[in-house]
Amino acid sequence: MSINEETVNPEAGQKKRTKPGIIDCDVHPIPKSLDQIKPYMPKYWRDRFRGGGRGLFYGNPFHGMRQDSHPPGGGPAGSDPSFVRKQLIEENNIKTAILIPRENSCQFPDLDYGNAIASAYNEWIADTWIGPDNYDGVFKSSIVINHSDPVNAAKEIDRWADHKHNIQVTTDSGARFLMGHRNFHPIFEACCRHNLPLALHPGLDGIGINILPSPGNPSHYIEWHTCMSLSFQAHLVSLLTEGTFERYPDLRIVLVEGSSTWLVPLMWRLDMEYKALRVEIPWVKKRPSEYLRDHIRLTSQPLERPDNDEDMLHMLRMMDAEHLLMFSSDYPHWDFDNPKLTFPKLPEKLYNRIFFENAEEFYGLK
């Protein structure tokens, strides 16, 4: 029986409709160890591979993962698909978990090395999480690319686009160029060629060859974590003002784990600036905010929750959450957003849009 079918309440003798299943747009599959990745790499790169990460900016004084998400049989949090099914899928009525591997391939000056890492992670995901054990298709995944080498990134998209469980492309928000820059056109062309959204995810701002979105380095993890939305804001303004969506009318962008409520004042300001300065960007044919509904989605985690729930509801209305926002949990990270607790009580229509309808439409999951 599907999750949307009616069931019978034997005591009342009445039909009871099961709550529709949630689409979680940000779930992180973690290798049990780097030894799971190395076999997919040529020997030259395999011997060099040590992984990668955020370095100083990952120095959070707490645990990076939910401590209860470590599999009972051992291994890192989020490394056992069966346990993820039990803890995330079954406990939270998730009907689709969209996987975003964190391969950290975009930070290296040696572009071939970064490409080899991205390629290996795509092979690993295809053989494991979205392989034969994904019998019900609950796991959908993202093609990881090294955006520092756009031409080879496009080839990686071409290589994996036909896999039935790959439903988007993903890369880091940390970069040497803002996303509207023509440097990334090969990636946009490949995404459009295969009708796949491009998801930006925070990770490597200011790491390796990537540039920080702030004037200097944060001293503390709390600074980095609070301000990680800055790169998303800069990338979005760049995409809108460079005329990206006029050049690529089929391009769709997902902003993952960059928070969301900043969208309202940012679009107010950009639309205001456009009134006076649109002569500078004649390729932008309408107000920047008018491109959002056709091309942009944001995921909910981390959701800023004010003390007054009415304020949150007003903000959701102002940001057009009914069309732009998609639920995400960020499982298994420490700042996991529980779908039962994160939002205030929502009107049924808005709940349905955020928790499954927007993602169904955007990814074509119906």
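Any value given below was found using the heavy atoms of this structure, including those in side chains, with hydrogens, waters and symmetry copies removed. Just so you know, residue 1 is the first one in the sequence shown, and it goes up from there. Keep in mind that what you see is a predicted model, and the values were worked out from it rather than measured.
A donor-acceptor pair under 3.5 Å is absent between the side-chain atoms of Q87 and the main chain of F83, judged by distance alone. Between the side chain of R252 and the main chain of F362, a donor-acceptor pair closer than 3.5 Å is present. A side-chain donor-acceptor contact under 3.5 Å links D136 to the backbone of V138. Of the possible donor and acceptor atoms, one in the side chain of S69 sits under 3.5 Å from a partner among the backbone N and O of R66. Counting only distance, with no hydrogens or angles, the side chain of T244 and the backbone of L239 share a donor-acceptor pair below 3.5 Å. Under a 3.5 Å cut-off, the side chain of S259 and the backbone N or O of S229 do not form any donor-acceptor pair. Between the Y274 side chain and the V284 main chain, a donor and an acceptor come within less than 3.5 Å of each other. No side-chain donor-acceptor contact under 3.5 Å links S238 to the backbone of A234. No donor-acceptor pair under 3.5 Å is formed between the side chain of W45 and the backbone N or O of K38. Between the side chain of S173 and the main chain of S231, no donor-acceptor pair closer than 3.5 Å is present.
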task = Might you work through the side chain to side chain donor-acceptor pair (under 3.5 Å) test for D330 and H28, ending with a clear yes or no?
result = CA-CA 7 Å; D330 193 30; H28 296 299; 3.0 Å; yes
| request: Take Y40 and W124, measure what ring pair (Phe, Tyr, Trp, His ring centres under 6.0 Å) needs, and give me the verdict at the end. | output: CA-CA 7 Å; Y40 298 105; W124 165 67; 8.2 Å; no
- CA sep, side-chain torsions, deciding dist, call: F355, L350, side-chain contact (heavy atoms from CB on, under 4.5 Å): CA-CA 8 Å; F355 279 83; L350 183 58; over 6 Å; no
- Under the side-chain contact (heavy atoms from CB on, under 4.5 Å) criterion, do I187 and I145 qualify, and how do the steps go? CA-CA 9 Å; I187 295 172; I145 59 170; 3.8 Å; yes
List the steps, then state whether side chain to side chain donor-acceptor pair (under 3.5 Å) holds for Q301 with D335. CA-CA 8 Å; Q301 192 279 339; D335 50 347; 3.2 Å; yes
message: Test side-chain contact (heavy atoms from CB on, under 4.5 Å) on I37 and R46; report intermediate values, then the result.
response: CA-CA 9 Å; I37 306 300; R46 186 189 316 153; over 6 Å; no
**Message:** side-chain contact (heavy atoms from CB on, under 4.5 Å) for I30 and M65? Distances and angles first, verdict last.
**Reply:** CA-CA 11 Å; I30 310 296; M65 302 289 184; 4.1 Å; yes
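The heavy-atom pair separating S329 from L88 by the smallest distance is OG-CD1, 4.1 Å. Across W160 and N122, no two heavy atoms sit closer than the pair NE1-CB, 3.4 Å. For S328 against D24, the heavy-atom pair with the smallest separation is CA-OD1, 3.4 Å. G51 approaches L34 most closely through the heavy-atom pair N-CD1, 3.7 Å. Nearest heavy atom pair, residue W129 against residue L99, reads CB-CD1, 3.6 Å. The two residues H235 and F177 make their nearest non-hydrogen contact at CE1-O, 3.7 Å.
With contacts defined as side-chain heavy-atom distances shorter than 4.5 Å, the pair N134/H165 qualifies. Between C106 and T171 there is a side-chain heavy-atom pair separated by less than 4.5 Å. In this structure, the side chains of F245 and L240 come closer than 4.5 Å at one or more pairs of heavy atoms. Proximity of L313 to E310: side-chain heavy atoms (C-beta onward) are separated by under 4.5 Å at one or more points. Side-chain contact between I98 and Y363 is present, with at least one heavy-atom pair separated by less than 4.5 Å. For the pair I143/L196, a side-chain contact is recorded, criterion being any heavy-atom separation below 4.5 Å from C-beta on. Residues P29 and I125 are in side-chain contact: their nearest non-hydrogen atoms beyond the backbone lie under 4.5 Å apart. Side-chain contact check for H194 versus I157: some heavy-atom pair is nearer than 4.5 Å.
Neither M319 nor M272 shares a network with the other; the hydrophobic side chains, linked directly or stepwise wherever heavy atoms of I, L, V, M, F, W or Y lie under 4.5 Å apart, form separate groups for each. In terms of hydrophobic clustering, with Ile, Leu, Val, Met, Phe, Trp and Tyr side chains grouped at heavy-atom distances under 4.5 Å, L346 and L298 are assigned to a common cluster. Cluster membership check: F356 shares its hydrophobic cluster with L365, using side-chain heavy-atom separations under 4.5 Å among Ile, Leu, Val, Met, Phe, Trp and Tyr. Connection of L200 to I209 is not established within any shared hydrophobic cluster, with ILVMFWY side chains joined at heavy-atom distances below 4.5 Å, either directly or through further cluster members.
By the 6.0 Å contact criterion, CD1 on I281 is enclosed, its count of non-hydrogen atoms from other residues, nucleotides or ligands being greater than 12. More than 12 heavy-atom neighbours from other residues, nucleotides or ligands sit within 6.0 angstrom of CZ on R305.
Between R193 and E189 there is no salt bridge, since no side-chain nitrogen of the basic residue lies less than 4.0 Å from a carboxylate oxygen of the acidic one. Taking the charged nitrogens against the carboxylate oxygens, D47 and K43 do have a contact shorter than 4.0 Å, which makes a salt bridge. Electrostatic pairing of K32 and D80 does not count as a salt bridge here, judged by no charged N lying under 4.0 Å from a carboxylate O. Taking a cutoff of 4.0 Å between a charged side-chain nitrogen and a carboxylate oxygen, R353 and E360 do not qualify as a salt bridge. Residues D320 and R293 are paired through a salt bridge, judged by an N-O separation under 4.0 Å between the basic side chain and the carboxylate. The existence of a salt bridge linking K86 and E90 is excluded, since no basic side-chain nitrogen approaches an acidic carboxylate oxygen closer than 4.0 Å.
Taking the six-membered ring where the residue is Trp, the centroids of H147 and F184 are separated by under 6.0 Å.
The aromatic rings of F343 and F327 lie tilted to each other, with the angle between the two planes from 30° to 60°. The aromatic rings of W224 and Y221 sit tilted, their planes meeting at an angle between 30° and 60°.
Remark: M326 CE to E361 CD distance equals 11.0 Å, nearest 0.5 Å.
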In a table with atom names and distances, give each donor-acceptor pair under 3.5 Å that connects a side chain of residues 109-119 to protein atoms at least two apart or in another chain.
| unit_1 | atom_1 | unit_2 | atom_2 | d |
| --- | --- | --- | --- | --- |
| D110 | OD1 | D112 | N | 3.2 |
| D110 | OD1 | Y113 | N | 3.3 |
| D110 | OD2 | R48 | NH1 | 3.1 |
| Y113 | OH | R48 | O | 3.4 |
| N115 | OD1 | N146 | ND2 | 3.0 |
| N115 | ND2 | L111 | O | 3.3 |
| N115 | ND2 | D149 | OD2 | 2.9 |
| S119 | OG | R159 | NH2 | 2.6 |

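If you run side chain to side chain contact (heavy atoms under 4.5 Å, CB included) between N166 and each of H163, Q168, K164, only H163 comes through.
A search for ring-ring contact (aromatic ring centres under 6.0 Å, His included) contacts involving F188 returns Y248, not counting sequence neighbours.
A cation-pi arrangement is not found for R85 relative to Y331, the charged atom failing to lie both closer than 6.0 Å to the ring centre and inside a 45° cone about the ring normal.
Between the side chains of S289 and D271, a donor-acceptor pair is found at a separation under 3.5 Å.
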